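Bear in mind that the values here come from a model prediction, so they are computed numbers and not experimental data.
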Amino acid sequence: MRDRMLTADVPLGPFEGTKITVHSAKGKNARLHVRRECGQLRTPHVATIEVPLNADVVDRFCSGCADWGPTSRPTSGLGIFMRALGGSGLLHQLQAYAEPDEDVHWTQGEVQAAAELLQSERGAADEGEDEEEDDRPWEARREAQELQEQVLSRWRHAAQSLHRAQAAIAHFPWLTGWAEPKVSAKERYLETLRAQAALFVEPAGLVVAAAAATLETPPLPTDDFVHGIRPNKKGHAEALEGAARLIQAWEDEAHAAAAAADSTPTVWVTARLPEGTEEPSRGGVPDVLDGLDRWTLGVLLTWTIGADWGRRTLTLRVPALVAARLLEPSGNLVCEPGGSDAVAAEAGPQGQPDSLRPGVFDDTPVFDRQPVTPAHLQALRNFSYAADQLYIVFSTSGGAEVLPLEVIERRLAEGWLGVLVASASDLPESVISPWIKDVVPTPEADDAPSSGHGHARQDGHFGADLGLAAGARDVVRRTYREHDKERNLRLLAMARGVSDLRSLGTGRSGMLPVAVWEGLLAPASLDLSPFRPPGADRWRSGSGLPLGVLGQAQIYATNSDPKFEGKGHSPLCRHTRDRGLAASDDLLTVADLLARDDWDWCSKCGGYAVRRLTDTQLSYYRAAHRLHDVAGQLDDERPHRVPVDPDVLIKQLEELAGWEPGGHEGCDWDGSWRWYEAIRDLRRRAERKRGQTAS
C-alpha cells in the first residue's frame, strides 16, 4: 500500500454520507473513479453517479484516485479534510519518520563512537594540545561530523512530521483513536533520534553559556582595536594579547559561575515554539524548529521531558541557570515556569481547536450554517490552496458583508459571531461563466478611444475606460497567468458590492491582487469641466451642470490633505511602495473634488483614483460632456470658432433632454431642474443661430 492512499479504515467522521460524484465502467463491481479523466478508466462507456461517501465506496476507489480521495471544492469542509489527508498530508506523515530509514541508517554504537570522538577533540582543543600530534585520521573526524549532521537533520524532520500529523488530527479529532498507534510509533522514533542527537551536545557547555549570558559583556572597543597598527609594528601583538586576556577572563568568570551553581536539572519549564507561516500551496511548510539558535536546540535535545508537537509545546527540566536564560523575554522561545500539564489545565478546553465539520463552509444550505471559529480558518489556511479569497459573511451586528480573511480573523479575536455564506469560488457558475466570456477583450475594445480630453465628446466610446466593463477587461489584461484570470474576475465581482473599498485593504501588500484593484479603480482622472461654473477664462470655463448621480462617486487618495507633507497619490500610482488600497487611505467624493482647488496632487497619476463608474454614472458623465460640447459650439466668443449646424445641435439637445438616471425614469433627480434649464437655454441659442443662418 502506498503511504498516501485513502483506505476504507480511515474514519470519515461527520463527512461520512456526504454526497460525492464518481465515475465508473459498466459492471456491479467496477472500480470507482473520482476523476472522469482518470487514466485507469479505460472505456468509452462511463457511468456518472452520485453516491454517499462511506467505507464501501472508498474501498472501491481505484489506486490512483485513492491517493487524494474524492474531489470537492477546495474551500468546502470535505475539500479541506481530503486535502489534509492526501498528498503530503496526514496519511503520508503517519507513515513517515516512524522507523529508521532503509537507505540512511546508523547504529547506536556508531552514534556513540562519533560523539565520543568529537567530544575528545573538543577537550583536547580546550587543553591546548597541538592538533598535529593527533594521530587519528582526519577521515574519522569528517565522518563523525557528517553523522552528527545527519542525526540532527533527521530529528528535525521527524519533529516536523510529527507536528504536522498532530496538528491535522487536532482539527479532525475523530481520527485520534485510529491514528494513535501510528502517532505513538512516530513519538518513540523521535525520542530515539533526540537521545542520539543529544550525545553530541555537552550539557556542561550549555550551562556555561547560560552563565555567560548573565555576565556583563567584556568592554571590547567598538572599532577594530588594531586599526592603524601594522602587524610588524610595536603594539600590534600587545593589543591582540590584551583582547585575548579580556575574553579569557570573561570565560573564566562564566565557568566559575557555572561551577558555583547547581547543574542538576530541577526546574520545570514549558516552552512554546515560535509560530510559522504555513503556506502549503507555495512549496511546503517551514521547519517547526526554524529560527532557533544552536544553544536553544542543544537545550531541547538535552532536557526535553515531554512534548505536544501539534501545539508546539515542549516540557523541559533544566538547571536553574538554563531556566533563567530561557525565561528571559528576549529568548527564542516563549517560556513559562511549570510543566505543560499545569499550563494545559489553565488553558482549559478552549485551548483545543474546534473540529471542522459540515456546515462551517459551503457543505450545507445557508440556513444550516454554523458559526466560524479561528480554528476553522486556521484549517482553511493550512489545508486549502484557495484560502486567500474574499468571503460573504453574515452576522447580526453587521448584516451581510464582504470581508477579507484577515479581517474576519481579527473580528473573531474580538468576539465576533458570524457565519461564512460564500467565497469567491462559490459564486454561481451560471452567472459568472457568461460574464467571463463577455469580458474577453475584442480588437474593437482595444482600439476604443479613452476618456482623454482630446477625444470627441460625441463619440460613443468616450469615458469607456472609467466604467465597469473596462475594469473587468483590465483585470484580464493585467493577469498574466491564465488560470488566475477567472479567480481574479470572481474576486472583482464580489468586491464590487462593497460600500467602502478600504475595508478590503489589509495593507497595500494585502491579499487582493493588484489586477483586482485595477479593476475596481480607474487609472484615468475625471474631466469635471462640464460641472465647473462659467468663468471669464474661455479655455477653462465650465457649464455649471449639476453633478447629479456623479456627486457621490468615490475618490480614493493616499493623502488628500495639503497640510500633510507629501503629495497625494492614486493608490495605483507607481510612486507608492505597494499598489492597492489600505485602510489608512482617504475616501472622498466627486462633490468634494469639485468643491476645493487647494489639492496637492501628484502630476504623474493625478493624485487620486476614482472608483469605476456604474453604467448610470458613466452614461451621465458622457451626457454632461456632450452637453458641455454643445455649449462650446454655441459660444460666439470662443476663438477659432468653426461653423456649426444648428439642426444637428438641436437634435442632440433633444436626445439629451430625454436622459434619465437608471431606475428613476419620469422622476426628478438631484439637480434635474438645472440640467433641463441648461438644455432649454442652449436650445434657445441654437434656435436663434438657426434663424440667423436662415436670414
Checklist entry - Any Lys/Arg nitrogen of R410 or E414 sitting under 4.0 Å from an Asp/Glu carboxylate oxygen of the other? => result no
Next on the checklist: If the condition is ring-ring contact (aromatic ring centres under 6.0 Å, His included), which residues does F61 pass it with, not counting sequence neighbours?
Outcome noted: none
Checklist outcome for this item: CD of Q93 to CG of L85, rounded to nearest 0.5 Å, is 12.0 Å
Checklist entry - Hey, mind stepping through E180 and S184 against side-chain hydrogen bond (donor to acceptor under 3.5 Å, both in side chains) and telling me if it holds? => result CA-CA 6 Å; E180 180 58 34; S184 298; 2.9 Å; yes
Item to check | Rounded distance [0.5 Å steps], CD1 in I20 versus CG in L32 | outcome: 8.0 Å
Next on the checklist: Are there over 12 heavy-atom neighbours, none belonging to R481, within less than 6.0 Å of that residue's CZ?
Outcome noted: no
Checklist entry - Using 30° and 60° as the class limits, which term best fits the ring planes of F81 and F15: parallel, tilted or perpendicular? => result parallel
Next on the checklist: If we ignore hydrogens and angles and just use 3.5 Å, is the side chain of H157 paired with the main-chain N or O of L152 as donor and acceptor?
Outcome noted: no
Item to check | Nearest-0.5 Å distance that lies between atom CG in D362 and atom OG in S425 | outcome: 7.0 Å
Checklist outcome for this item: To the nearest 0.5 Å, atom CD of Q160 lies from atom CG of L190 at 11.5 Å
Checklist outcome for this item: Taken to the nearest 0.5 Å, the spacing of R156 CZ from L289 CG works out to 5.0 Å
Checklist entry - Do you know which of L300, L301, T302 makes side-chain contact (heavy atoms from CB on, under 4.5 Å) with T304? => result L300
Next on the checklist: Under 3.5 Å, is there a donor on one side chain and an acceptor on the other for T264 and T266?
Outcome noted: no
Item to check | Check: L53 main-chain N/O paired with T18 side-chain donor or acceptor under 3.5 Å | outcome: no
Next on the checklist: So does L199 get a backbone contact from the side chain of Q119, meaning a donor-acceptor N/O pair under 3.5 Å?
Outcome noted: yes
Checklist entry - Checking salt bridge (Lys or Arg N to Asp or Glu O under 4.0 Å) for the pair R73/D363: CA distance, chi angles, key distance, verdict? => result CA-CA 9 Å; R73 299 193 64 81; D363 304 272; over 6 Å; no
Checklist entry - Is the shortest side-chain N to carboxylate O distance from E191 to R194 below 4.0 Å? => result yes
Item to check | Side-chain donor or acceptor of H163 paired with backbone N/O of A159 under 3.5 Å | outcome: no
Checklist entry - Quick check: does any side chain N or O of Q370 sit under 3.5 Å from a backbone N or O of V360, one acting as donor and the other as acceptor? => result no
Next on the checklist: Measuring from atom CG of N382 to atom CZ of R83, what distance do you get when rounded to the nearest 0.5 angstrom?
Outcome noted: 11.0 Å
Item to check | Modelled atom types, side-chain donor and acceptor of S120 and E116, under 3.5 Å | outcome: no
Checklist entry - Which pair of heavy atoms, one from L90 and one from L175, lies closest together, and at what distance? => result CD2-CD1, 3.5 Å
Checklist entry - R272 side chain to R312 main-chain N or O, any donor-acceptor pair under 3.5 Å? => result no
